[in-house]
2 protein chains.
Amino acid sequence: MNDLRRAGNGNANANANIPPALKRRPQMEDIAKLAGVATSTVSRALAGSPLVNPKTRDRIVELARHLNYAVNVGAQNLRLGQNKVVAVVVPYDPASRQHLSDPFFLALIGGIADALTESGHEMLLSRVPASDLEQAAYAVESGRAIGLILVGQWHHHDQLNTMFMRGVPFVVWGAHLEQQLYCTVGSDNVLGGELATAHLLRRGRRRVAFVGDTGLPEVAQRHQGYLRAHAGAGLAADPALLCPSPFVAEVIGGDVGRLLAAHAGIDGVFAASDVAAMAAIHALHQAGRSVPDQVAVVGYDDIDSAAFCHPALTTVRQPLDIAGKALVDSLFKILGGQRAAPVQLHTALLQRASA
Amino acid sequence: MNDLRRAGNGNANANANIPPALKRRPQMEDIAKLAGVATSTVSRALAGSPLVNPKTRDRIVELARHLNYAVNVGAQNLRLGQNKVVAVVVPYDPASRQHLSDPFFLALIGGIADALTESGHEMLLSRVPASDLEQAAYAVESGRAIGLILVGQWHHHDQLNTMFMRGVPFVVWGAHLEQQLYCTVGSDNVLGGELATAHLLRRGRRRVAFVGDTGLPEVAQRHQGYLRAHAGAGLAADPALLCPSPFVAEVIGGDVGRLLAAHAGIDGVFAASDVAAMAAIHALHQAGRSVPDQVAVVGYDDIDSAAFCHPALTTVRQPLDIAGKALVDSLFKILGGQRAAPVQLHTALLQRASA
DNA sequence: CTGAAAGCGCTAACAT
DNA sequence: ATGTTAGCGCTTTCAG
């Protein structure tokens with residue numbers, strides 16, 4: 001806690017030489033003196049208050065522009081008791097040191113940034129260990145942010161429920177679970193898994209592998225869809241074809257390779273992310289199997305590159321373009337004191353070349 | 001006003017029913033009263049000051065934890081005149097409304113987030129129109145952030161020099177240009193372009209197209225390398241083979257298609273980004289050309305999916321893993337009042353299957 | 001070891 | 001139309 005506050009490089013002693021003028025930032029009082037008025041007048045002028053004489057106002061505004069003065073947002077917020085910052089939190093797995101890298105999540109963050117900017121809010125991006133998700137609440141408890149958007153994988157359902165009970169305003173990108181108090185936004189994972197698998201089965205595939213870490217709720221639901229599709233087709237899914245790899249391309253490649261070696265009859269793969277699917281295709285090619293002829297592959301996410309890899313990926317589309325806005329909207333609903341119901345975005349199969 | 005600040009965090013009248021306890025956030029004074037001490041003691045206790053009696057301190061700390069109290073960072077910063085926030089700014093093209101989406105930049109942002117977190121800083125992510133890059137300075141001038149990291153494309157060299165002269169501490173990801181006052185971090189674009197093109201020429205390719213918007217300094221330098229490689233091989237580059245597409249996959253696909261139609265003899269493509277390369281390969285396939293047999297393709301960036309698409313992309317690697325850290329380090333150097341020289345990261349050709 | 005008081009930069013009554 | 005004053009939540013002298 002103490003170390004958190006030392007080290008204040010509010011560029012205190014930084015007026016060395018290099019950036020020509022790294023001097024103290026101007027304040028209202030400086031402007032006030034130059035303009036020969038009181039700070040309150042400057043404040044009003046800069047806020048565009050109709051109370052101040054147009055001439056005075058123009059002079060002040062001109063002065064401010066000339067000095068590159070901008071109202072100190074921190075002080076303003078403190079005084080006004082307001083805040084326009086939303087924290088976007090990316091949980092990471094401290095074990096695998098897995099960094100923020102899946103293009104899907106990265107793109108999701110981009111969408112959130114857009115939606116937030118659109119509504120005049122600022123975005124604080126931070127990372128917390130998935131093992132201690134509640135740390136995320138700090139951004140709100142410290143007054144840094146008014147609410148949280150949690151992005152990405154997590155196993156810690158309970159922590160989130162607790163956080164909700166503590167009154168922390170937040171939304172999470174993920175699966176809608178039973179007994180869930182908090183608000184999620186995500187695709188319909190069960191449906192998505194079912195669509196993907198049904199497509200493979202319809203194409204006559206009978207030995208369909210599932211690639212993805214079912215420890216994650218979203219993936220578990222996609223797997224559930226996978227099972228449901230099998231049931232719907234009157235087929236039995238072979239548990240041996242489950243490849244519980246984490247969402248890391250390098251690992252998936254190896255795992256899929258081993259799975260292929262062990263089960264020669266595999267003729268289809270449903271991967272729980274496009275990255276996983278691309279890694280699987282790569283492994284397939286290396287093992288000398290052709291896609292989609294010998295083995296058909298379906299992914300999940302529809303990241304940008306899915307359309308441009310070869311063969312173009314058949315995948316389940318999560319509508320990224322509206323995901324960011326949906327998350328932001330839900331958060332604001334909560335901040336407005338309303339109940340925000342979980343949102344399941346439109347989920348559909350996008351057929352391309354890989355299956 | 002007073003009602004605005006009740007109800008805790010800028011969410012006005014939010015103590016409805018849903019989030020069970022959306023009451024006013026506790027403050028030091030609350031803790032002080034409960035502990036029967038003065039706020040100054042609470043402050044000291046929470047800061048871990050040795051001046052306060054261990055027993056008192058423990059009681060206070062316990063109380064704070066129980067109430068989920070965290071020191072208000074805004075007020076703390078105001079009082080201390082400090083700040084640990086760095087703004088990461090993504091310029092966007094207001095014309096094309098192009099959103100934050102190239103995986104390379106997204107991944108770069110991830111790397112910056114990691115480096116910032118590592119050094120105990122917070123990251124504010126914002127977007128400004130490329131046409132008015134100086135807007136980015138607002139984050140610093142308003143006291144929001146202590147410095148800026150600009151990420152991505154930009155045409156406005158002069159604006160950046162001006163910003164530097166104004167004393168705004170910032171670093172930019174991009175090309176190192178002549179007469180540049182500010183600090184850039186990037187790959188060696190000329191070298192990269194040369195390596196890529198030389199590789200193609202060495203493979204006997206003689207009609208090599210260049211895909212990328214040479215209006216951007218980074219791309220212009222890559223193109224310069226492309227020309228230099230031709231010169232080095234005693235060959236003349238055909239200006240007709242320049243395809244000045246922006247970094248948007250959809251557009252590139254069409255442009256490359258047209259280029260192929262117009263120039264049947266094309267046997268190589270150097271694309272100034274991996275996304276562009278993947279789009280080009282896609283267009284090539286659609287036109288019935290095989291990669292790399294009929295047309296060899298080299299990209300730039302080495303984004304994650306470059307290794308997993310098919311054929312795996314031969315590309316110029318920009319070391320993403322160290323890019324974020326390099327940017328952050330340079331910024332801190334500047335904040336410390338030192339001169340930060342432009343950095344060119346190690347740039348090398350990564351040969352895979354597409355060329 | 002602890003409390004009282006001043007003030008970080010700003011805004012909004014409340015005076016004129 | 002403008003100035004005076006109090007105070008947002010916190011830290012830190014300065015006095016005990």
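Any value given below was found using the heavy atoms of this structure, including those in side chains, with hydrogens, waters and symmetry copies removed. Just so we're on the same page: letters track the sequence lines, and every chain starts at 1.
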Review point. Between B:Ile149, B:Val90, B:Leu327, B:Val88, which is the residue that forms a side chain to side chain contact (heavy atoms under 4.5 Å, CB included) with B:Leu108?
Key: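 Testing each of B:Ile149, B:Val90, B:Leu327, B:Val88 against B:Leu108, the sole residue satisfying side chain to side chain contact (heavy atoms under 4.5 Å, CB included) is B:Leu327.
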Study note, to complete from the structure: Each nucleotide of nucleotides 3-9 of chain C classed B (base within 4.0 Å of a protein heavy atom), S (only sugar-phosphate) or -, in 5' to 3' order, makes BB-BBBB
Practice item. Start with the C-alpha gap between B:Asp30 and B:Arg25, add the side-chain angles, then the distance that decides, and say whether salt bridge (Lys or Arg N to Asp or Glu O under 4.0 Å) holds. Key: CA-CA 10 Å; B:Asp30 301 323; B:Arg25 243 182 296 116; over 6 Å; no
Practice item. Under the salt bridge (Lys or Arg N to Asp or Glu O under 4.0 Å) rule, what do A:Glu62 and A:Arg59 come out as? Steps first, then yes or no, please. Key: CA-CA 5 Å; A:Glu62 180 48 44; A:Arg59 192 155 38 96; over 6 Å; no
Atom-pair distance ([atom1] on [X]; [atom2] on [N]), nearest Å:
X       : N      : atom1 : atom2 : result
A:Asn83 : C:dC10 : CG    : P     : 17 Å
A:Ile31 : C:dC10 : CD1   : P     : 9 Å
B:Lys33 : D:dG9  : NZ    : C1'   : 13 Å
A:Asp58 : D:dA1  : CG    : P     : 14 Å
B:Leu46 : D:dC10 : CG    : P     : 9 Å
A:Lys55 : D:dT2  : NZ    : C1'   : 17 Å
A:Gln82 : C:dT11 : CD    : P     : 9 Å

Treating [X] as the side-chain partner and [Y] as the backbone partner, does any N or O pair qualify as donor plus acceptor under 3.5 Å?
X        : Y        : result
B:Ser119 : B:Leu116 : yes
A:Asn83  : A:Asn77  : no
B:Thr41  : B:Val37  : no
A:Gln159 : A:Ser131 : yes
B:Asn72  : B:Met28  : no

Check your understanding: According to a strict under-4.0 Å criterion, is A:Ser43 in side-chain N/O contact with OP1 or OP2 of C:dA12?
Key ->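 No, because none of the side-chain N or O atoms of A:Ser43 sits under 4.0 Å from OP1 or OP2 of C:dA12.
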Point to revise | Bend angle of the helix from C:dC1-D:dG16 to C:dT16-D:dA1, end axes from five pairs each (to 10°) | key: 50°
Review point. Would you call A:Lys325 and A:Asp114 a salt bridge, taking side-chain N to carboxylate O under 4.0 Å as the test?
Key: no
